[in-house]
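Because only heavy atoms are used, hydrogens play no part in the values below, and waters and symmetry mates are left out as well, while side chains stay in.
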Amino acid sequence: MPAWSSLGEECGMEYSGVILAHSNLCLLGSSDTPTSASRVAETTGTHHHARLFLVQMVSRQVAQAGLELLSLSDLPPSASQSARIVGALRSYALELTLQDSGKATCLYAKWQMTFTIRYETTKKTYKTQTISDLGTVTYNGSICGDDQSGPRIAVQFRSGFSWIANFTKAASTYSLDSILFSYNTSDNTTFPDAKDKGMHTVYQPLDIKIPLNEIFRCSSLSTLENNDVVQRYWDVHVQAFVQNGTVSKNEFLCDKDKTSTVVPTIHTTVPPPTTTPTPKEKPEAGTYSVNNGNGTCLLATMGLQLNITQDKVASVININPNTTHSTGSCQSHAALLRLNSSTIKYLDFVFAVKNEDRFYLKEVNVSMNLVNGSVFSIANNNLSYWDAPLGSSYMCNKEQTVSVSGAFQINTFDLRVQPFNVIEGKYSTAQDCSADDDNFLVPIAVGAALAGILILVLLAYFIGLKRHHAGYEQF
């Protein structure tokens, strides 16, 4: 079990007949001791015999320092299994431990997930909404399982979203049997102008068999596509039917982890490649845009070069803009540009707003087919590139590198992007990158030096001329 998961001992909640909610907020990445605050809410209920003992929500980004929990009087009835957190908080990792009535752990899970949903609007166009910030979640309906039904993880988040994972058991194995994902297009904030309003449920059958008393681990990105929904999972650790109340240290790896040492969203140093990639010429710059029904809402011009390392083999791929298609979506504080082609299933650039006055590239997701027939998938939702003021565009003519992971980097050329506040389909004033700023400093410095030399020459000339005239006057 990862070392940082021990923080869960300070961040949890439990229920069994009487529901006790205890929540701690642990701020990762801080040099200080993790900040914690707790409130206890007590209510009655006899829905389950299982005890929900530990729920840890790990924050990877906190937009403001001051975070506080609601007092008991502020807790709504629906918050019977989680204390609400007030503040600009994004949670990307979920961790859950279930205990049975004897206080023995029966199920443990930690995972990360995002969802991309495509829906039709009243204007007969299509929009795409990416859900990466789950907000405050609850776990109503999560159970250890019994003779009649197997274990179940149930998660509720945002407005009308729910996610359920079902498990079954055989003689020597247990299985992740299916996933149910539901969303409500009646939520106008998340799905503006949706034509078909109401609840939608996607059922995804699975058959992932895991030996009993082993924990399933899949750090690699896994993608499930069904109808208009794309589900992405990574950093998955799960064990159902926990034996003797102790989570196993024996890991059962998914196929992708068996063939790859790459962990998405974590910057690691990979071994040097055994093959040297063939040098590539500068890629052609392509122009991409996203429309939201009211006109163009995102503009991007860039040449893209992908650097991929898989199984110690490095390759360089230039994206051909003539065979690449773009889609995406625009919201007030988030924007998505998705590129795809015959070999690229998706290459997502997700932009976000920070401090209400600047934007930046926050997330990159990719899944593509390589020439050897394998599928390469990586996701990182903790980036910070292409920072510029809202109402302007970001521009960098020189080569830049976006480091998504140790195995995946994107070189950009002749870059200009504006994901927010596009007016009449045109770029606004550009914020130049530091590389271009440095290039401007060179001619300025050279010009200043030449001007200084010229001034010195002129001074020497006039001094000499004055002395020459003084000599004539003496005669």
Side-chain angles (χ1 to χ4, degrees), residues 29 31 63 65 267 269 276-289 296 298-307 316 318-319 321 335 337 349 351-362 364 383-404 409-475:
S31 60
H267 297 274
T269 303
T276 302
T278 303
K280 288 278 186 179
E281 66 278 4
K282 179 180 176 181
E284 179 183 352
T287 299
Y288 311 99
S289 63
T296 302
L298 184 152
L299 288 172
T301 302
M302 51 189 170
L304 297 173
Q305 188 176 80
L306 310 183
N307 294 272
V316 179
N318 283 352
I319 290 184
L337 172 64
F349 297 89
F351 300 87
V353 174
K354 65 178 180 179
N355 301 328
E356 301 297 332
D357 61 353
R358 301 188 71 86
F359 71 83
Y360 68 105
L361 177 65
K362 175 185 175 299
V364 170
L383 300 175
S384 184
Y385 292 97
W386 307 350
D387 187 300
L390 278 177
S392 68
S393 59
Y394 176 87
M395 184 173 69
C396 194
N397 292 321
K398 295 298 182 180
E399 179 180 354
Q400 269 194 322
T401 300
V402 175
S403 181
V404 181
Q409 299 85 38
I410 303 175
N411 295 333
T412 62
F413 302 81
D414 300 322
L415 170 69
R416 190 169 186 180
V417 62
Q418 184 172 344
F420 301 98
N421 302 342
V422 176
I423 301 175
E424 296 181 352
K426 298 179 180 179
Y427 285 110
S428 300
T429 304
Q431 168 79 43
D432 294 323
C433 66
S434 57
D436 288 346
D437 292 340
D438 292 341
N439 290 333
F440 287 131
L441 290 177
V442 174
I444 291 174
V446 172
L450 292 175
I453 293 174
L454 180 60
I455 291 172
L456 291 176
V457 170
L458 290 174
L459 287 174
Y461 171 75
F462 285 118
I463 292 173
L465 185 62
K466 184 176 181 180
R467 289 180 177 177
H468 181 69
H469 284 296
Y472 277 117
E473 290 176 357
Q474 291 177 358
F475 286 109

Taking the side chain as every heavy atom from C-beta outward, state whether [X] and [Y] have any pair of such atoms under 4.5 Å apart.
X    : Y    : answer
P419 : Y394 : no
L304 : T412 : yes
V417 : M302 : no
F359 : N421 : no

Would the distance check show the side chain of Y427 and the main-chain N or O of A300 forming a donor-acceptor pair, the cut-off being under 3.5 Å? yes
Give a yes or no on whether the backbone of L299 and the side-chain of S289 come within a donor-acceptor separation of less than 3.5 Å. no
Euclidean distance, [Y] [atom2] relative to [X] [atom1], rounded to 0.5 Å:
X    : Y    : atom1 : atom2 : answer
S392 : Q431 : OG    : CD    : 6.0 Å
T429 : Q418 : OG1   : CD    : 9.0 Å
I463 : L458 : CD1   : CG    : 11.0 Å
L459 : L454 : CG    : CG    : 9.5 Å
N318 : E281 : CG    : CD    : 5.5 Å
L337 : L361 : CG    : CG    : 10.0 Å

Closest approach of [X] to [Y] (non-hydrogen atoms, all atoms of both residues):
X    : Y    : answer
K362 : A352 : CD-CB, 3.7 Å
V404 : L383 : CA-CD2, 4.4 Å
G286 : P321 : CA-CB, 3.4 Å
A285 : D414 : CB-CB, 4.5 Å

Q409 and N307: side-chain donor and acceptor closer than 3.5 Å? no
Could you label the plane-to-plane angle of the F349 and W386 rings as parallel, tilted or perpendicular, counting under 30° as parallel and over 60° as perpendicular? parallel
From the list Q305, Q400, K282, side chain to side chain donor-acceptor pair (under 3.5 Å) with N411 holds only for Q305
